[in-house]
J.: 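Below is one structure. I have some questions about it.
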2 protein chains.
Amino acid sequence: MSTVPDAIPAMRPPQLGSDILPETPAYDLIELLFFAYRDFVSDPDRILDEYGFGRAHHRVLHFVDRQPGLTIAELLDILRITKQSLNRVLKELIEKDFIESRTGTSDRRQRLLFATEQGHDLAVKLANLQTRRIMRALADLDLASKDHVSRYLLRLIDPDDRAHVERLVFGAKKS
Amino acid sequence: MSTVPDAIPAMRPPQLGSDILPETPAYDLIELLFFAYRDFVSDPDRILDEYGFGRAHHRVLHFVDRQPGLTIAELLDILRITKQSLNRVLKELIEKDFIESRTGTSDRRQRLLFATEQGHDLAVKLANLQTRRIMRALADLDLASKDHVSRYLLRLIDPDDRAHVERLVFGAKKS
DNA sequence: GAGATATGTCAACAAGGCTGACTTAAAATG
DNA sequence: CATTTTAAGTCAGCCTTGTTGACATATCTC
């Protein structure tokens, strides 16, 4: 049994992938995302440095603070790195008392992660820094703009992950 | 001697920085940018791998292809990495004949960088891959959305760099 | 009790950043 | 024209953060 459909529409476009491409690549949006991300993630660097942390620590602390009780497996799924890479930074965050690891209650094999008070304070401090930049960027844009921007960013994400991210970001509900 | 100032203006807002912050950090836009960027830059990886290149090579090739005749100093300013880091990847791109380095004409100390035919082809292939993702994300968004998105991303960039990026991205002119 | 699962750990390696010191060639400047 | 500055290249070593592969332990599931 062939997987090739036997009736392909006559005028199939000559593009490489499944979608139609414009004549010219979207250089503007490609490059703007590069520069925006470059500056966006650089804000927290100075502060992280004072604590002897790097960007990897920031990512871990951020998601643990946002989702108290996160398990190792869930965190690995969010960050898409290996267990060994995660463990290196997580160990430091636990040793320096920014994150606490508790044995799971229903499943005692799991480790539930929580930000300590100190950890929460740092996470909020860094999030506020980035929020300030975001607010500056949203100022004097339409009310609708924020929505357009989130929709665009959400749709840049791999379709398979979108629902997951949506749940994580908007907290289960969202029109 | 106390570090507590003895005369604080009466109605100083309680925020940390120079701007007013909302009660809650903009977790949605912070996290969406993280996930969007993660998936966006991952597209080219497979192809780069076939050539023995990484993301660092991609960035260099991209900007050289976009701005033929770029000097080392200009490239360093765009990428914000050290000369030594750049040189490592640039050397490989030149050895493998994806980029060509010519001595400057008006200033013979400079090296003007150009993508070779092979280099240009790869740069376009990767840009098309990312453009496909962008087009998918823009589909069924208003006509105005693309504008809102670019404006937002542009305004996330450090103010000092915005004019520079604008020139680079939109090619000198742009309302 | 056997096997699967969640986590932790050891060792080695790679990519891509960094600093610091130094060289060379060419331009700019007094 | 001698000196200084500038653009680029290079050597050596280090750090962070990612990788693979192998293996250990505790706990859950069947």
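Quick caveat, the model's predicted, so the values are computed rather than measured. Letters A, B, ... mirror the listed sequences (proteins, then strands); counts begin at 1.
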J.: Nearest-nucleotide wise, let me know which of A:H57 and B:D107 is further upstream toward the 5' end of DNA chain D.
T.: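 Closest to the 5' end, via its nearest nucleotide, is B:D107.
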
J.: Whether the side chain of A:S85 engages the backbone of A:I81 through a donor-acceptor N/O pair (distance < 3.5 Å, no angle test) should be reported.
T.: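 Pair absent, no side-chain N/O of A:S85 close to backbone of A:I81.
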
J.: Can you list the residues that meet the side chain to side chain contact (heavy atoms under 4.5 Å, CB included) rule with A:K96, with sequence neighbours excluded?
T.: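 Only A:F53, A:F98 meet the side chain to side chain contact (heavy atoms under 4.5 Å, CB included) criterion with A:K96.
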
J.: From CD1 of A:I72 over to C1' of C:dA6, roughly how many Å is that when rounded to an integer?
T.: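 So the CD1-C1' distance, A:I72 to C:dA6, works out to 9 Å.
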
J.: Could you say whether B:R109 or A:R109 is positioned toward the 5' end of DNA chain C, judged by the nucleotide with the nearest heavy atom to each?
T.: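 The residue whose closest nucleotide sits nearer the 5' end is A:R109.
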
J.: Which is the 5'-most and which the 3'-most nucleotide of DNA chain D that has an atom under 4.0 Å from a heavy atom of chain B?
T.: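 Taking any atom under 4.0 Å from a heavy atom of chain B, the span is D:dT6 to D:dC11.
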
J.: Who passes side chain to side chain contact (heavy atoms under 4.5 Å, CB included) against B:E31, sequence neighbours left out?
T.: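 Here the qualifying residues are A:H62, A:F63, A:R66, A:L168, A:V169, B:Y27, B:F35.
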
J.: Here's a test of your reading of the structure: between A:S106 and A:G52, which maps to the more 5' nucleotide of DNA chain D?
T.: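 It is A:G52, whose closest nucleotide lies nearer the 5' terminus.
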
J.: I need the CG-P distance between B:L79 and C:dG17, as an integer number of Å.
T.: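 Computing the B:L79:CG to C:dG17:P distance gives 8 Å.
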
J.: In terms of side-chain geometry, is the basic nitrogen of A:D158 or A:R162 positioned less than 4.0 Å from the acidic oxygen of its partner?
T.: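 Salt bridge absent between A:D158 and A:R162.
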
J.: Calculate the interatomic distance between B:F53 atom CZ and C:dA14 atom C1'; express it in whole Å.
T.: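 Going from CZ in B:F53 over to C1' in C:dA14 covers 16 Å.
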
J.: Tell me every residue that passes side chain to side chain contact (heavy atoms under 4.5 Å, CB included) with B:L112, counting only those two or more places apart in sequence or in another chain.
T.: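 Applying side chain to side chain contact (heavy atoms under 4.5 Å, CB included) to B:L112 gives B:T71, B:Q110, B:F114.
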
J.: Given atom CG of B:D49 and atom P of C:dA14, what is their separation to the nearest angstrom?
T.: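 Taking CG of B:D49 and P of C:dA14, I get 14 Å after rounding.
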
J.: In whole Å, I'd like the distance from the CG atom of A:L90 to the P atom of C:dG8.
T.: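 My rounded result for the distance is 7 Å.
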
J.: Below 3.5 Å, does any donor atom in the side chain of B:R88 face an acceptor in the base of C:dG17, or the other way round?
T.: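 Check passes, donor-acceptor contact within cut-off.
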
J.: Roughly, in whole Å, what's the span from CD in A:Q84 to C1' in C:dC10?
T.: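 Atom-to-atom, A:Q84 to C:dC10, this comes out as 10 Å.
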
J.: Using a 4.0 Å heavy-atom cut-off, does A:K91 contact any base of the nucleic acid, only the sugar-phosphate backbone, or nothing at all?
T.: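 Sugar-phosphate contact only - A:K91 comes under 4.0 Å of backbone atoms but never of a base.
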
J.: Decide side-chain contact (heavy atoms from CB on, under 4.5 Å) for A:K146 and B:L29; before the verdict, give the C-alpha distance in whole Å, the side-chain angles of both, and the deciding distance to 0.1 Å.
T.: CA-CA 9 Å; A:K146 189 189 160 173; B:L29 287 175; 4.0 Å; yes

J.: Please answer whether the main-chain N or O of A:R109 pairs with a side-chain N or O of A:D107 as donor and acceptor at a distance below 3.5 Å.
T.: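 Side chain of A:D107 to backbone of A:R109, a donor-acceptor pair under 3.5 Å: yes, one is there.
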
J.: So, the side chain of B:R155 versus the backbone of A:R136: is there a donor-acceptor pair under 3.5 Å, distance only?
T.: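 At least one qualifying donor-acceptor pair exists.
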
J.: Does any pair with a residue in residues 142-164 of chain A pass ring pair (Phe, Tyr, Trp, His ring centres under 6.0 Å), and if so which ones, sequence neighbours excluded?
T.: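 Counting only pairs at least two positions apart or across chains, the ring pair (Phe, Tyr, Trp, His ring centres under 6.0 Å) contacts touching residues 142-164 of chain A are A:H148-B:H148.
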
J.: Taking 4.0 Å as the cut-off, does a side-chain nitrogen or oxygen of B:S85 come that near to OP1 or OP2 on C:dC18?
T.: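 Yes.
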
J.: Calculate the interatomic distance between A:I94 atom CD1 and C:dT7 atom P; express it in whole Å.
T.: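 Distance, rounded to whole Å: 12 Å.
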
J.: Starting at CZ of B:R108 and ending at P of C:dA25, how long is that distance when rounded to a whole Å?
T.: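 In whole Å, C:dA25 P lies 12 Å from B:R108 CZ.
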
J.: Based on the rotation axes of five pairs at each end, what angle does the helix from C:dG1-D:dC30 to C:dG30-D:dC1 bend through, to 10°?
T.: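 Overall, the helix from C:dG1-D:dC30 to C:dG30-D:dC1 bends by 30° from one end axis to the other.
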
